[in-house]
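The structure under discussion appears below in the form of structure tokens.
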Amino acid sequence: MKFGLDRLLEDRNLRRPLAGKRIALLAHPASVTRELVHSLDALAGLGDLKLSAAFGPQHGLRGDKQDNMIESPDFIDPVHRIPVFSLYGKVRRPTAEMMDRFDVLLVDLQDVGCRVYTFITTLRYLLEAAARHRKAVWVLDRPNPAGRPAEGLRLRAGWESFVGAASLPMRHGLTIGELARWFRHALALDVELEVIAMEGWRPALAPGFGWPLGERVWVNPSPNAPTLAMARCYAGTVMLEGTTLSEGRGTTRPLELFGAPDVDARELLAAMEKLAPRWLAGCRLRQCWFEPTFHKHAGKLCAGLQVHAESPVYEHDAFRPWRVIAAAFKALRSLRPDYELWRDFAYEYERDRLAIDLINGGEALRRWVDDAAAQPADLEALAAPDEKSWLAERESFLLYR
């Protein structure tokens with residue numbers, strides 16, 4: 001199969017409208033060709049494109065920041081001698097001076113299929129800026145490694161943030177190119193948008209179910225996204241960032257496992273299986289021990305669970321990571337009603353709202369966890385209509401069937 005970048009590099013006719021234009025690139029470490037050449041270098045080597053600037057999202061163009069919520073600086077690329085602007089540094093939205101550096105923006109970002117992943121918020125901000133400054137945006141499409149399923153509550157009005165770009169469910173099931181098409185419609189943007197679609201992407205094909213296993217190498221799109229299993233789990237495990245539980249940062253399997261020094265993993269798993277056994281389908285939960293080298297509980301031995309979402313235990317159509325982690329929260333609350341679960345700290349520059357609510361795009365999930373009388377059916381009654389409405393709404397923006 002071919003990604004959008006591959007097609008643009010191979011087909012001079014596709015590039016013809018870019019002739020004579022100043023080109024900027026939004027990219028990160030996973031923006032690579034089949035041969036693992038970074039898109040900045042590959043595009044610069046064509047000879048018929050004029051690269052005038054580049055942009056880096058959270059973690060930077062080069063993936064220079066290992067931990068979360070660490071800013072990256074602007075710099076001059078030492079090889080191509082063009083400015084590289086950070087959109088996770090002094091600013092989150094591009095300035096007028098940045099926008100003045102180009103005519104057409106190429107977007108080459110590997111997403112993981114979750115509303116909270118900040119690359120799609122950066123995409124939204126750039127689309128809005130492009131509409132204001134009359135710039136064109138070309139998205140070089142890449143796979144959604146989590147595939148087509150949709151899950152979770154949609155973001156509620158007023159809960160937009162850097163981890164909540166718009167009224168998407170937690171797991172949206174779109175590619176970055178399809179998301180751009182949806183943003184343009186949902187935000188009523190008058191922007192020139194072109195999506196260079198992939199060839200041969202089959203999101204329902206086993207064993208990758210979204211990622212072309214055996215055809216393309218997985219490269220971390222962010223430092224704590226080391227595996228395809230992480231991308232599959234992320235729509236659930238990202239919620240752990242809003243809690244006192246470790247999400248595995250500082251280990252070799254971040255965002256696939258969770259726990260804390262004071263958790264009884266055996267007891268927790270039993271409570272989850274009793275509470276909502278259907279929510280745990282499609283994966284295997286394994287008791288484990290781990291000691292983070294940085295971040296929450298650094299240097300302390302934690303007991304917890306690893307969510308295994310890889311062959312042979314992975315069942316793509318059954319796996320619902322948002323529900324798996326929701327069940328973990330609810331089970332822990334039922335076992336220990338006074339457990340200090342919700343972490344109160346500045347999250348993505350928000351200080352007045354709890355991180356767990358920002359992540360979920362509203363208070364409903366937290367309120368359900370904390371309500372001793374609430375049952376899994378009550379959360380289903382909230383989430384199922386959101387998921388159904390989203391599946392219908394996204395239909396007209398799909399590029400791949």
Would you check if there is a donor-acceptor pair between the side chains of E256 and T227 at a distance under 3.5 Å? yes
Does D74 come within less than 4.0 Å of K90, counting only side-chain N to carboxylate O? no
Are any of the side-chain heavy atoms of L153 and R156 separated by less than 4.5 Å? yes
Residues in side chain to side chain donor-acceptor pair (under 3.5 Å) contact with W218, at least two apart in sequence or another chain: none
Shortest non-hydrogen contact from F290 to G259? CZ-N, 3.6 Å
Please assess V84 against I76 for the test side-chain contact (heavy atoms from CB on, under 4.5 Å), listing each intermediate value before the final yes or no. CA-CA 6 Å; V84 179; I76 300 297; over 6 Å; no
Taking the side chain from R115 and the backbone from N360, do they hold a donor-acceptor pair closer than 3.5 Å? yes
Once you round to the nearest 0.5 Å, how far does CG of L168 lie from CZ of R124? 9.5 Å
Looking at N13, I want to see if its CG is surrounded by more than 12 non-hydrogen atoms of other residues, nucleotides or ligands under 6.0 Å. yes
Do the ring planes of Y125 and F162 sit parallel (below 30°), tilted (30 to 60°) or perpendicular (above 60°)? tilted
Got more than 12 heavy atoms from elsewhere within 6.0 Å of CD, E192? no
Take a 6.0 Å sphere around CZ of R323 and say whether it holds more than 12 heavy atoms from other residues, nucleotides or ligands. yes
Does any donor atom in the side chain of T244 or E340 lie under 3.5 Å from an acceptor atom in the other side chain? no
Taking the side chain as everything from C-beta on, heavy atoms only, tell me whether L87 gets closer than 4.5 Å to P94. yes
Where the side chain of E247 meets the backbone of L257, is there a donor-acceptor pair that is under 3.5 Å apart? no
Pair D111 + R142, salt bridge at N-O below 4.0 Å: no
Return yes if a side-chain donor-acceptor contact under 3.5 Å exists between D108 and W138, otherwise no. no
Do D357 and W342 meet the criterion of a side-chain donor-acceptor pair at a distance under 3.5 Å? no
Pairs where residues 264-284 contributes a residue and the test salt bridge (charged side-chain N to carboxylate O under 4.0 Å, His left out) is met, not counting sequence neighbours: none
On the six-membered ring of F397, is R394 placed so that its NZ or CZ lies under 6.0 angstrom from the centre and within 45° of the ring axis? no
Within 45 degrees of the ring normal and closer than 6.0 Å to the centroid, is that where the cationic atom of R216 sits relative to F3? yes
Looking at D103 and K21, would you say the former's side chain and the latter's main chain have a donor-acceptor pair under 3.5 Å? no
Under 6.0 Å between ring centres: does that hold for W182 and W390? yes
Any donor and acceptor pair, going by atom type alone, linking the side chain of E291 with main-chain N or O of H297 inside 3.5 Å? no
Would you find a donor on one side and an acceptor on the other, under 3.5 Å apart, between the side chain of T95 and the backbone of M98? yes
What pairs meet the salt bridge (charged side-chain N to carboxylate O under 4.0 Å, His left out) rule with one or both residues in residues 298-322, with sequence neighbours excluded? R253-E310
Shortest non-hydrogen separation from D338 to R333 and the atoms involved: C-NH1, 4.4 Å
Does K2 form a side-chain contact (heavy atoms from CB on, under 4.5 Å) with M198? I'd like the steps, not just the answer. CA-CA 5 Å; K2 296 179 181 179; M198 294 176 281; over 6 Å; no
Could you tell me whether E241 and R343 make a salt bridge, using a distance below 4.0 angstrom between a side-chain N and a carboxylate O? no
Could you tell me the separation between the OG atom of S334 and the CE atom of M272, rounded to the nearest 0.5 Å? 10.5 Å
For C302 against P292, the heavy-atom pair lying closest together: SG-CD, 4.0 Å
To the nearest 0.5 angstrom, please state how far the CG atom of L193 sits from the CZ atom of R184. 4.5 Å
All heavy atoms of L174 vs all of R148, minimum pair found to be CA-NH1, 3.9 Å
cation_pi(R232, F209) dist<6.0 Å, angle<=45: no
Decide side-chain contact (heavy atoms from CB on, under 4.5 Å) for M1 and D6; before the verdict, give the C-alpha distance in whole Å, the side-chain angles of both, and the deciding distance to 0.1 Å. CA-CA 9 Å; M1 67 162 298; D6 303 319; over 6 Å; no
Taking the inter-plane angle between the rings of F119 and H28 on a 0 to 90° scale, is it parallel (under 30°), tilted (30 to 60°) or perpendicular (over 60°)? tilted
From CA spacing to verdict: side chain to side chain donor-acceptor pair (under 3.5 Å), Y88, E348: CA-CA 10 Å; Y88 199 81; E348 294 296 351; 2.7 Å; yes
With distance as the sole test, does S86 use its side chain to make a donor-acceptor pair with the main-chain N or O of P73 at under 3.5 Å? no
Roughly how far, to the nearest 0.5 Å, is the CD atom of E178 from the CG atom of L399? 4.5 Å
With no hydrogens and no angle check, just 3.5 Å: does a side-chain donor-acceptor pair link D41 and H80? yes
In short, ring pair (Phe, Tyr, Trp, His ring centres under 6.0 Å) pairs touching residues 139-161 with sequence neighbours left out are none
Mind checking the SG-CD spacing from C233 to Q306? Nearest 0.5 Å is all I need. 8.0 Å
With a 3.5 Å distance limit and no angle check, can you tell me whether E160 reaches the backbone of G158 through a side-chain donor-acceptor pair? yes
Crowding at CG, D371 (>12 non-hydrogen neighbours, <6.0 Å): yes
Relative to each other, are the rings of F55 and F85 parallel, tilted or perpendicular (30° and 60° limits)? tilted
Hey, does the side chain of R15 reach the backbone of L9 with a donor-acceptor pair shorter than 3.5 angstrom? yes
Check R286 against H308 and note the closest heavy-atom contact, atom names and distance. NE-NE2, 2.9 Å
Residues passing the side-chain contact (heavy atoms from CB on, under 4.5 Å) test with A225, sequence neighbours excluded, are Y117, P221, S222, M230
With a cut-off of 6.0 Å (strictly less than), are more than 12 heavy atoms of other residues, nucleotides or ligands near CZ of R12? no
Dump the intermediate steps for side-chain contact (heavy atoms from CB on, under 4.5 Å) on R22 and V104, then the final yes or no. CA-CA 6 Å; R22 297 172 302 155; V104 181; over 6 Å; no
For A374, does its backbone N or O pair with a side-chain atom of D378 as donor and acceptor, under 3.5 Å? no
Distance from L106 atom CG to L18 atom CG, nearest 0.5 Å? 6.0 Å
Shortest non-hydrogen contact from L40 to L51? O-CD1, 3.7 Å
Looking at F102, does the NZ or CZ of K135 lie under 6.0 angstrom from its six-membered ring centre and within 45 degrees of the ring axis? yes
With sequence neighbours left out, the residues meeting side chain to side chain donor-acceptor pair (under 3.5 Å) with D141 are T175, Y400
Count the heavy atoms of every other residue, nucleotide or ligand shown that sit under 6.0 Å from NE2 of H185, and state whether that count exceeds 12. no
Validate the cation-pi geometry between R181 and F183: distance from NZ or CZ to the six-membered ring centre under 6.0 Å, angle to the ring axis within 45°. no
Can a donor-acceptor pair be found, under 3.5 Å and without considering hydrogens, that links the side chain of R62 to the backbone of G60? no
